[in-house]
Amino acid sequence: MSFQILFRQKIEGLNTIEKICLLESNQLEIKVEIELLSNLIKNKLNEDIINQLLAATLTYNGIKFNLIIDSALKKLTTQDFYKFVIYPFLVRIFETFHFIKEFPVQFYYMMNLLERKLHHLIHNTASVYDKNKTILLYLPENELYEIGLLFANLLLKERGYRTFYIGANQNVKSIKQFIEDVNPDIILSFDTNSANYKSYLKIFEAFPEEIDKFYLIGRQITIEKYKIPRKQKFYNIDEFNIFFEELELKKAN
């Protein structure tokens, strides 16, 4: 069975993919806004919006994809945008393709669109550093998917933290050099799945004296096995935000 057929089967509640793709831009924007407002009130996932993102991905429709993303960003905070739209969308993507040996080209097209959007948002976030902590953001060797880490960077910059983003596929030597040069207060990474367990473990084991600085975001089933303190693991975006809110309250007091 082809991935196109599988992808179609994942889009629930729609007669055809074409039904969404043929929506005029203004109709789509209104539809996104209504769906977001109604589902946020109910604290539910935005299934219809996720389906539209899937359809835009499958058909290489970057205009529709960006329109949906931009419409959602107008209505949501960065945290809620990740929680209610992007995270469930990415979960759906990985669920769709996890048993296929190689991801289809549409997957990489979509990832590129998202990464470009996030880099744009980060670039346009005011660089006003009003927090006294510096944060290093990295992904270890063989970890290449940066969407989650880019969101973390955006959230931290919005909070006024000075971040140093060195990105994907970093080895122990690179992180060691950065610690020696800058001595960051927090060293943050994002584990998207358990495929690169050894790469993350290698980083943590290389810095036993600095382990209290290492923090990790990811699903509980993925990151609970790492031998770093529970308080340094964020099982979801809410835990991440609560930690930094409490950090800021301690400073204020």
Side-chain angles (χ1 to χ4, degrees), residues 1-40 42 44-76 78 80-121 139 143-151 154 168 190-196 218-219 222 237:
M1 184 180 292
S2 70
F3 71 83
Q4 287 94 342
I5 295 172
L6 291 167
F7 216 161
R8 282 179 166 84
Q9 291 177 345
K10 289 288 182 179
I11 299 181
E12 302 169 352
L14 294 169
N15 294 326
T16 62
I17 291 176
E18 288 77 15
K19 180 179 177 182
I20 329 173
C21 296
L22 291 174
L23 283 172
E24 295 294 334
S25 293
N26 59 340
Q27 292 176 308
L28 184 57
E29 187 168 358
I30 292 169
K31 187 175 179 64
V32 170
E33 291 180 3
I34 292 171
E35 183 77 9
L36 282 169
L37 290 172
S38 62
N39 279 344
L40 278 177
K42 299 173 185 176
K44 293 168 63 179
L45 299 180
N46 298 279
E47 284 294 327
D48 200 27
I49 293 172
I50 294 166
N51 290 334
Q52 293 177 47
L53 287 170
L54 284 168
T57 299
L58 180 61
T59 55
Y60 302 100
N61 197 328
I63 293 174
K64 295 287 188 186
F65 189 93
N66 282 317
L67 177 62
I68 296 166
I69 296 297
D70 290 340
S71 298
L73 283 167
K74 288 179 184 177
K75 294 294 179 183
L76 303 177
T78 302
D80 283 343
F81 174 62
Y82 180 83
K83 181 178 178 180
F84 291 104
V85 179
I86 293 302
Y87 179 74
F89 168 62
L90 292 175
V91 168
R92 185 80 62 82
I93 286 284
F94 279 101
E95 285 176 350
T96 302
F97 295 135
H98 77 279
F99 48 82
I100 298 175
K101 188 174 182 180
E102 293 184 3
F103 285 160
V105 67
Q106 286 99 324
F107 171 83
Y108 298 101
Y109 175 71
M110 174 274 300
M111 294 293 279
N112 180 260
L113 288 175
L114 269 180
E115 287 183 8
R116 284 167 56 192
K117 179 66 68 178
L118 287 168
H119 280 297
H120 174 75
L121 292 170
L139 293 175
E143 187 62 79
L144 303 175
Y145 300 125
E146 298 185 54
I147 299 297
L149 195 67
L150 284 168
F151 262 104
L154 179 58
F190 196 115
D191 190 355
T192 56
N193 58 69
S194 57
N196 292 314
R219 293 190 300 166
T222 301
I237 203 68

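None of these values were measured; they are calculated from a predicted model.
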(message) Under the criterion side chain to side chain contact (heavy atoms under 4.5 Å, CB included), I'd like the reasoning laid out for Thr78 against Leu73: C-alpha separation, chi angles, the key distance, then a yes or no.
(response) CA-CA 7 Å; Thr78 302; Leu73 283 167; 5.5 Å; no
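- At least one side-chain heavy atom of Leu113 sits under 4.5 Å from a side-chain heavy atom of Asn66.
- The shortest non-hydrogen separation linking Val85 to Ala72 is CG2-CB, 4.5 Å.
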(request) Might you work through the side chain to side chain contact (heavy atoms under 4.5 Å, CB included) test for Phe190 and Ile147, ending with a clear yes or no? (result) CA-CA 9 Å; Phe190 196 115; Ile147 299 297; over 6 Å; no
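- Summarising the geometry, atom CG belonging to Leu150 is positioned 12.0 Å from atom CD1 belonging to Ile86; distances are rounded to the nearest 0.5 Å.
- Interatomic distance, NZ of Lys83 versus CG of Leu76, reported as 11.5 Å (0.5 Å rounding).
- Note: Leu154 CG to Phe81 CZ = 9.5 Å, rounded to the nearest 0.5 Å.
- Scored by the side chain to side chain donor-acceptor pair (under 3.5 Å) test, Glu143 finds Thr192, Asn196, Tyr200 as partners (sequence neighbours excluded).
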(request) For Glu115 and Glu146, run side chain to side chain contact (heavy atoms under 4.5 Å, CB included): C-alpha distance rounded to whole Å, both residues' side-chain angles, the deciding distance at 0.1 Å, then the answer. (result) CA-CA 7 Å; Glu115 287 183 8; Glu146 298 185 54; 4.2 Å; yes
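- How far CD1 of Ile93 is from CE of Met110: 4.0 Å, rounded to the nearest 0.5 Å.
- Remark: Asp70 engages Lys117 in a salt bridge, criterion side-chain N to carboxylate O under 4.0 Å.
- Within the 4.5 Å cutoff, side-chain heavy atoms of Leu114 are placed close to those of Ile69.
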(message) The test is side chain to side chain contact (heavy atoms under 4.5 Å, CB included); show your working for Ile49 and Phe84 and say whether it passes.
(response) CA-CA 10 Å; Ile49 293 172; Phe84 291 104; over 6 Å; no
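- Applying the ring-ring contact (aromatic ring centres under 6.0 Å, His included) test to Phe107 and every residue at least two apart in sequence or in another chain returns Phe94, Phe103, Tyr145.
- Scanning for side chain to side chain donor-acceptor pair (under 3.5 Å) contacts around Thr222 gives an empty result, with sequence neighbours left out.
- By the side chain to side chain donor-acceptor pair (under 3.5 Å) test, Asn112 is found to be paired with no residue, residues two or more places apart in sequence or in another chain being considered.
- Distance alone, capped at 3.5 Å, places no donor-acceptor pair between the Gln106 side chain and the Thr57 backbone.
- Tyr87 meets the side chain to side chain contact (heavy atoms under 4.5 Å, CB included) test with Tyr82, Val91, Arg219; sequence neighbours excluded.
- A donor-acceptor pair under 3.5 Å links the side-chain atoms of Tyr109 to the main chain of Gly62, judged by distance alone.
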